[in-house]
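Below, all heavy atoms of this structure are taken into account, side chains as well, without hydrogens, waters or symmetry copies. Lettering follows sequence order; numbering is per chain, from 1.
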Number of protein chains: 2
Amino acid sequence: MKKTLVIVVHPDLTKSVINKAWAKAIEGAATIHHLYEQYPNGQIDLAHEQALLEAHDRIVFQFPLYWYAAPYLLKKWMDEVFTEGWAYGAGGDKMEGKEICAAVSCGSPKSAFAEGAQQCHTLRSYLNVFDGIAAFLRARFTGYHACYDSYNPRLPEMLPANCEAYLRFIKGE
Amino acid sequence: MKKTLVIVVHPDLTKSVINKAWAKAIEGAATIHHLYEQYPNGQIDLAHEQALLEAHDRIVFQFPLYWYAAPYLLKKWMDEVFTEGWAYGAGGDKMEGKEICAAVSCGSPKSAFAEGAQQCHTLRSYLNVFDGIAAFLRARFTGYHACYDSYNPRLPEMLPANCEAYLRFIKGE
């Protein structure tokens, strides 16, 4: 069975609805790593992160969409953790063959994420960066799970089914 | 004449070739703001940044492409500076009507940035995030300037013409 690492990138999970529920729903099915909790001052332990990645086959980046991308600490993590000689370049094969996935919560409804609609492009197109990253690392971006419409008053009713779908996604079912 | 602010986002300009030459080429034509120099510890002065933005009509984000996006400090800047009530939401109209542009240096040649090519997607598609951001702010993303192929040994020969083109871009010519 694939060993899955879920990197949760939310600046304050106590204020989260979706990302908190997601993290709870997948307990036991993956290693869960809360990036902002681990590094409240933003100073990333490079060796720890690289060892975590090496120990897993499938890396899921879970985050709320902030300005059409992950909250900043994931970008800092990528800028620092994917080093030359480890992730790419001569001898840099440590991410090779791994699966990369995303799990993204969005404020707007799915219909707003379309070419020319309110959010301008599809969520998938905003995740194109992961295609580039995966190719550069000789890994594979294999898909994403989403929860749209987080401001909908009916979210509490809709969330349990979304969490179940997320657990299936994490288990690769 | 439009007042242009160029936010240079490079972690170490002393090691830069393109971004350093670009910043020099546009001296006098815009306000140049070196984000990593201003905030070496990553702690952003929100009031200062918002005042800078309010004083300009056209905002250019200049950066080397790291993992298909800007270096992390620009994401931190966006996560923090574009606040509700200032940039969006009730009373949040301070970015409304402004122009947003990008200037991006890339290691790979232009031919590698195409659907299905080595870099998976076009550079323009990696800049789709700026369409979303601009729409959310009721601003306009009006274009980008690029320099590809930064590892090409002929870069020193090619760079002066690119710098001249960048100056025209900054002047809106």
Q: Report the option among Lys76(B), Met78(B), Glu80(B) that has the most heavy-atom pairs separated by less than 4.5 Å from atoms of chain A.
A: Lys76(B)

Does [Y] offer a backbone N or O that forms a donor-acceptor pair with the side chain of [X] under 3.5 Å?
X: Lys75(A); Y: Leu73(B); value: no
X: Asp79(A); Y: Tyr72(B); value: yes
X: Asn128(B); Y: Tyr126(A); value: no

Give the cluster check for [X] versus [Y]: same hydrophobic cluster or not, with ILVMFWY residues linked at side-chain heavy-atom distances below 4.5 Å.
X: Ile170(B); Y: Ile100(B); result: no
X: Ile44(B); Y: Trp86(B); result: yes
X: Ile32(B); Y: Val104(B); result: no
X: Met95(B); Y: Trp77(B); result: yes
X: Leu13(A); Y: Tyr36(A); result: no

Q | Part of Ala134(B) lying under 4.5 Å from any heavy atom of chain A | A | neither

Q. Out of curiosity, Asp131(A) CG to Gln119(B) CD, how far, rounded to the nearest 0.5 Å?
A.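 Nearest 0.5 Å value for the CG-CD distance: 11.5 Å.
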
Q) Any idea which of Gly42(A), Pro11(A), Cys120(A) has the most non-hydrogen atom pairs under 4.5 angstrom with chain B? A) Cys120(A)

Q) Heavy-atom count around Lys110(A) NZ within 6.0 Å, excluding the residue itself: above 12? A)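 Check fails, neighbour count at 12 or below.
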
Q. Using the benzene-type ring in the case of Trp, are the ring centres of Tyr88(B) and Trp67(A) under 6.0 Å apart?
A.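 Yes, they do, as the ring centres are separated by less than 6.0 Å.
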
Q.
Less than 4.5 Å apart, side chain to side chain, heavy atoms only: is that true for Phe130(B) and Tyr68(A)?
A.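 Counting from C-beta outward, Phe130(B) and Tyr68(A) never come under 4.5 Å.
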
Q) Can you tell if the side chain of Phe136(A) reaches within under 4.5 Å of the side chain of Gln118(B), non-hydrogen atoms only? A)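 They are not in contact (no side-chain heavy atoms under 4.5 Å apart), so the answer is no.
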
Q) For Leu137(A), is it the side chain, the backbone, both or neither that has a heavy atom under 4.5 Å from a heavy atom of chain B? A)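 Side chain of Leu137(A) only, per the 4.5 Å heavy-atom cut-off to chain B.
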
